[in-house]
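Structure first, then comments.
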Amino acid sequence: LTSINGIIHTLYDAISGPVGHDRDWNVFRSLFAENARMYISVPDKDQGGTVLKSITPEEYADRNKTRLSDIGFNEDELYRITNAYGAGAQVFSTYESHYTNQNGEEEITQGINSMQLFFDGQRYYIASIFWDANAKDIQVPDRYLPKNKNTEYQINF
């Protein structure tokens with residue numbers, strides 16, 4: 001995890017897998033800095049609009065201990081824009097998720113994980129992740145999608 005590429009790929013690998021495959025939550029937990037947070041934008045059913053929920057990586061692992069295995073959740077990175085300076089990096093990681101819904105049908109969703117990374121001089125840690133849980137109803141803008149099959153990442157230092 002000495003590279004941005006390594007920590008991002010390990011994150012997606014840790015939460016992905018086929019139905020019945022347990023996730024490695026110890027690897028998942030090891031990716032995060034102490035006091036890291038995960039932020040999710042969710043629809044506000046009572047008042048309309050959107051609300052922000054905040055959870056710890058541990059709470060995420062507890063909530064999804066069996067759920068991701070039950071639905072065969074897989075998430076792959078499609079494109080990434082990285083801005084880095086000093087010990088910090090801001091990563092916009094466009095993803096595509098595949099999973100089985102409650103009706104037994106495959107669903108595909110695209111969205112963006114916005115991540116803050118911290119480099120302690122030896123390795124990267126995730127300080128925070130933000131995503132919109134309503135991604136299936138939001139089109140990912142073209143600027144956050146691959147330009148061609150050979151373009152996967154844009155890095156700005």
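Reckoned from all heavy atoms, side chains included, excluding hydrogens, waters and symmetry mates. Just so you know, these numbers come straight off a predicted model, no measurement behind them.
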Tell me, with the steps shown, if Phe73 and His98 meet side-chain contact (heavy atoms from CB on, under 4.5 Å).
CA-CA 6 Å; Phe73 183 83; His98 295 251; over 6 Å; no
Shortest non-hydrogen contact from Glu75 toward Ser97:
OE2-OG, 2.6 Å
So Val19 and Asp70, do their side chains get closer than 4.5 Å, heavy atoms only?
no
Any side-chain heavy atom of Leu68 sitting closer than 4.5 Å to one from Trp25?
yes
Going through the distances and angles, do Ile4 and Tyr124 end up as a side-chain contact (heavy atoms from CB on, under 4.5 Å)?
CA-CA 7 Å; Ile4 292 172; Tyr124 281 93; 3.6 Å; yes
So, does Asp120 use its side chain to make a donor-acceptor pair with the main chain of Phe118 at under 3.5 Å?
no
Between atom CG of Leu31 and atom OG1 of Thr10, what is the distance when rounded to the nearest 0.5 Å?
6.0 Å
Return yes if some donor-acceptor pair links the side-chain N/O of Ser69 with the main-chain N/O of His21 below 3.5 Å, else return no.
yes
Non-hydrogen side-chain atoms of Ser93 and Glu77 separated by less than 4.5 Å
yes
Is a side-chain donor-acceptor pair under 3.5 Å present for Gln116 with Ser128?
no
Close side-chain approach of Val91 and Ile81, heavy atoms under 4.5 Å:
no
Spacing of Asn26 atom CG and Asp24 atom CG [to the nearest 0.5 Å]:
5.5 Å
Flag, side chain of Arg23 to backbone of Gly17, donor-acceptor distance under 3.5 Å:
yes
When every non-hydrogen atom of Phe32 is compared with those of Phe28, the smallest separation belongs to CD1-O, 3.2 Å
What distance do Asp44 atom CG and Leu52 atom CG have between them, rounded to the nearest 0.5 Å?
12.0 Å
Glu106, CD atom: more than 12 neighbouring heavy atoms under 6.0 Å:
yes
What are the two closest non-hydrogen atoms of Thr82 and Ala89, and how far apart are they?
CG2-CB, 4.5 Å
Would you find more than 12 non-hydrogen atoms of other residues, nucleotides or ligands less than 6.0 Å from Asp142 atom CG?
no
Which heavy-atom pair separates Thr50 from Ser41 by the least distance, and what is that distance?
CG2-OG, 2.6 Å
Show your reasoning for whether side-chain contact (heavy atoms from CB on, under 4.5 Å) applies to Thr109 and Glu96.
CA-CA 6 Å; Thr109 302; Glu96 184 171 276; over 6 Å; no
Heavy-atom check, side chain of Glu107 versus side chain of Glu105, under 4.5 Å
no
Could you go through Ile8 and Met115, starting from their C-alpha distance and side-chain angles, then the distance that decides it, and tell me whether this counts as side-chain contact (heavy atoms from CB on, under 4.5 Å)?
CA-CA 9 Å; Ile8 300 297; Met115 298 180 229; 3.5 Å; yes
What I'd like to find out is whether the side chain of Asn64 reaches to under 4.5 Å of the side chain of Ile15, using heavy atoms alone.
no
Do Ser114 and Gln90 pair up side chain to side chain, a donor and an acceptor below 3.5 Å, judged on atom types alone?
yes
Polar contact flag, side-chain donor to acceptor under 3.5 angstrom, Asp132-Tyr39:
no
Aromatic plane relationship, Tyr12 with Tyr95 - under 30° parallel, 30 to 60° tilted, over 60° perpendicular
tilted
Taking all non-hydrogen atoms of both residues, which atom of Leu145 and which atom of Gln110 are closest, and how far apart?
CD2-OE1, 3.9 Å
Can you find a pair of side-chain heavy atoms, one from Leu11 and one from Ile129, that are under 4.5 Å apart?
yes
Side chain to side chain donor-acceptor pair (under 3.5 Å) evaluation trace for Asn5 with His9
CA-CA 6 Å; Asn5 197 43; His9 282 285; 3.1 Å; yes
For Tyr125, does the six-membered ring have the charged nitrogen or CZ of Arg123 within the cation-pi criterion, i.e. under 6.0 angstrom from the centroid and within 45° of the normal?
yes
Measure across Thr56 and Met38 and return the closest heavy-atom pair with its distance rounded to 0.1 Å.
O-SD, 4.1 Å
N/O donor-acceptor pair under 3.5 Å between Ser30 side chain and Val27 backbone
yes
Is the NZ or CZ atom of Lys65 both under 6.0 Å from the centre of the six-membered ring of Tyr60 and within 45° of that ring's axis?
no
Just wondering, more than 12 heavy atoms not from Arg67 lying within 6.0 Å of its CZ?
no
ILVMFWY network linking Ile112 to Phe130, side-chain heavy atoms under 4.5 angstrom:
no
Between Tyr144 and Phe92, is the ring centroid distance below 6.0 Å?
yes
